[in-house]
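Written below as structure tokens is the structure these notes are about.
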Amino acid sequence: MSENIFITDETIAGDDDGPLAGKTVAVKDNISTEGVRTTCGSKMLEEYVPPYDATVVSRLKDAGATIVGKTNMDEFGMGTTTETSFFGSTDNPAAPGHVPGGSSGGSAAAVAADEADLALGSDTGGSIRCPAAFCGVVGIKPTYGLVSRYGLVAYGNSLEQIGPFGSSVEEAASLLDVIAGPDERDATTREPPGGAENDTDGKSYASAADGDVDGLTIGVPTELLEGADEGVVETFWDAIEDLEAQGATYEEVSLPSVEHAVEAYYVIAMSEASSNLARFDGVRYGHAAGEKGENDNWNEAFSQARKEGFGDEVKRRILLGTYALSAGYHDKYYKKAQDARAWVKQDFDEALSEADVLASPTMPVPPFELGESLEDPLTMYLADANTVPVNLANLPAISVPAGETDGLPVGVQLVGPAFGEREIIRAGSALE
Amino acid sequence: MSDDAVTPEDVRHVASLARVDLEDDEIEQFTGQFADILEYFETLDEVPAVDQDAELTNVMEPDEVRDSLDSESALENAPETEDGYFKGPNVS
């Protein structure tokens, strides 16, 4: 376990039978497991043991899967490298000495290192797709509302979804089959709407991985290639040529709104984080202030617990989110970010009315070296340029390995229409 | 703070709103970083107003009594409890 993939090694047996019987699954440590500690990569929850299972965990057990451990992650999902974890960084099994991506870095690494057949992560702004790309595995971020978030420790709840990792598109899709579907405990879940394209009646997601892209139309948003690493872009075009050779066609499209996606995403995510993480005060659960003064009042005790329990990146996002929502600044930041979000949605909907799927490099850069990038948060945020627009638009996306540049893994991201998971699974499987 | 550089006082104020105690060196570090990040957020000014026709439907359900977490489980993770209640710090 030299890569530091798991925060907690613990085997949780599932039912004897089911579609995932005999399969091992690693679970990101922000997904609640009854009786097994769930830390979110934070000192704040170092000793927190959930009294109940997340809906996705119940579904894993019912499907016969064996959970093999809780995986390392950026603290509360806030990072692109898994280096903000209180439990130390994780090495990339596919590119030793480099980060596995984040925030679900441990989950992607578990599949890449063969520590688990499958894994669950969560994706608020790319946290499944980025580590999938960096570790050379497949990751799917489902349409908002396809998978229950009950039992997922919330960070940016209007943006995030739980999703699967696998070593092939079909494997990842088979895990999506198990976790997808409405849940009465998450009112934002829904049945995928009907209609020819989204008709999943009786058809599994896994069965869509048939590699048939004859006649598929692919839109390539030019904005998502600008500024990307040369080797990454080259690998990306090789993958598009590969799809063309199998009968797909592509055209370049323009999504002018995505120029503002990163700032809109961070304003919204930080604002939601500042509210969601207000619950950690050391009274009901979590780290309580160690240096307690006898006459400390409520506010002083909370502030001390949060000072001790949260790391730098979490503090940074809570403070910036509090600022963006504070009196006098709400309209300037939060409201404008919501405008930008609506614009991004509109742009994607238009582009996807012309093309079946949209394609881009998942990450504009190959994996960073361990320790390379922690100093400058803004540079780190900009690395999420290609993944965050998809969360703003609530759409499904898959990252599929496309090859290497200088020995480092490169992923291709395919984005589909809402509840068009089968379309991106089919297109992604043609790259294998 | 939008038109001027971010000051340490601004960071202290937001930290107190968010109930996060900061060390002096953290305040200094955040002051510089927030200036860069907020300047970048300013580009949202260029975003046009967009019609937001959210297709939202309320999800309603009847009020029904059902089992929930018992208080023993709910208190399991509390650092301090007393007589079946959470115990918090003094209010003032």
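These numbers come from a predicted model, not from an experiment. Chain identifiers are assigned alphabetically (A, B, ...) following the order of the sequence lines, protein sequences preceding nucleic acid strands; residue numbering begins at 1 within each chain.
By the 6.0 Å contact criterion, CZ on A:Arg279 is enclosed, its count of non-hydrogen atoms from other residues, nucleotides or ligands being greater than 12. Heavy-atom contacts from other residues, nucleotides or ligands closer than 6.0 Å to NZ of A:Lys335 number 12 or fewer. Other residues, nucleotides and ligands place more than 12 heavy atoms under 6.0 Å from the CD atom of A:Glu226. Environment of CG in B:Asp24: sparse, with no more than 12 heavy atoms of neighbouring residues, nucleotides or ligands closer than 6.0 Å.
Residue B:Phe30 touches chain A through its side chain alone, counting heavy-atom pairs closer than 4.5 Å. With a 4.5 angstrom heavy-atom cutoff, B:Leu69 touches chain A only via side-chain atoms. Heavy atoms closer than 4.5 Å to chain B are found in both the backbone and the side chain of A:Tyr266. Contacts between A:Ala278 and chain B at a heavy-atom distance below 4.5 Å are absent for every atom of the residue.
Without hydrogens or angle criteria, B:Asp21 side chain to A:Arg306 main chain gives no donor-acceptor distance under 3.5 Å.
Contact check for A:Phe302 versus B:Pro89: side-chain heavy atoms found under the 4.5 Å cut-off. Counting only heavy atoms from C-beta outward, the side chains of B:Glu42 and A:Glu263 never approach each other to under 4.5 Å. With a 4.5 Å cut-off on side-chain heavy atoms, B:Asn77 and A:Glu47 do not count as touching. In this structure, the side chains of B:Val91 and A:Asn297 stay at 4.5 Å or more apart for every pair of heavy atoms. No side-chain heavy atom of A:Lys307 sits under 4.5 Å from any side-chain heavy atom of B:Leu22. Counting only heavy atoms from C-beta outward, the side chains of A:Trp298 and B:Asn90 never approach each other to under 4.5 Å. Side chains of A:Phe280 and B:Arg19 form no contact here, defined as non-hydrogen atoms less than 4.5 Å apart. The shortest side-chain heavy-atom distance between B:Glu26 and A:Asp312 falls under the 4.5 Å cut-off.
Chosen from B:Glu23, B:Gln29, B:Glu61, B:His13, the residue pairing most often with chain A at heavy-atom distances under 4.5 Å is B:Glu23. Contact tally against chain B (heavy-atom pairs below 4.5 Å) for A:Asn299, A:Val262, A:Asp281: the top residue is A:Asn299. Ranked by non-hydrogen atom pairs under 4.5 Å with chain B, the options A:His287, A:Gln338, A:Arg316 are led by A:Arg316. In terms of heavy-atom pairs under 4.5 Å with chain A, the best-connected choice from B:Gly88, B:Ala74, B:Ala15 is B:Ala15. With respect to chain B, the highest number of heavy-atom pairs below 4.5 Å among A:Asp376, A:Leu320, A:Thr188 belongs to A:Leu320. With respect to chain B, the highest number of heavy-atom pairs below 4.5 Å among A:Lys315, A:Arg284, A:Lys336 belongs to A:Arg284. Heavy-atom pairs under 4.5 Å with chain A were tallied for B:Asp36, B:Leu75, B:Thr43; the largest tally goes to B:Thr43. Comparing A:Leu277, A:Leu382, A:Val267 by heavy-atom pairs within less than 4.5 Å of chain B, the highest count is held by A:Val267.
One distance of note links CE of A:Met270 with CZ of B:Phe41; it measures 4.5 Å at 0.5 Å rounding. Between the CG atom of A:Leu319 and the CD atom of B:Gln33 there is a distance of 11.0 Å, given to the nearest 0.5 Å.
What you find for A:Thr322 and B:Ala18 is that their closest heavy atoms are OG1-CB, 3.5 Å. Between A:Gly286 and B:Pro79, the closest heavy-atom pair is O-CG, 3.7 Å. Heavy atoms only, all atoms of each residue included: A:Ala342 and B:Val50 are closest at CB-CG1, 3.8 Å.
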Candidate pair B:Ile37 and A:Tyr381, rule side-chain contact (heavy atoms from CB on, under 4.5 Å), full reasoning: CA-CA 10 Å; B:Ile37 294 167; A:Tyr381 300 164; 3.9 Å; yes
Residues B:Leu38, A:Tyr333; criterion side-chain contact (heavy atoms from CB on, under 4.5 Å); working and verdict: CA-CA 9 Å; B:Leu38 289 171; A:Tyr333 295 107; 3.9 Å; yes
Step-by-step side-chain contact (heavy atoms from CB on, under 4.5 Å) determination, B:Glu76 to A:Tyr48: CA-CA 9 Å; B:Glu76 255 169 28; A:Tyr48 173 68; over 6 Å; no
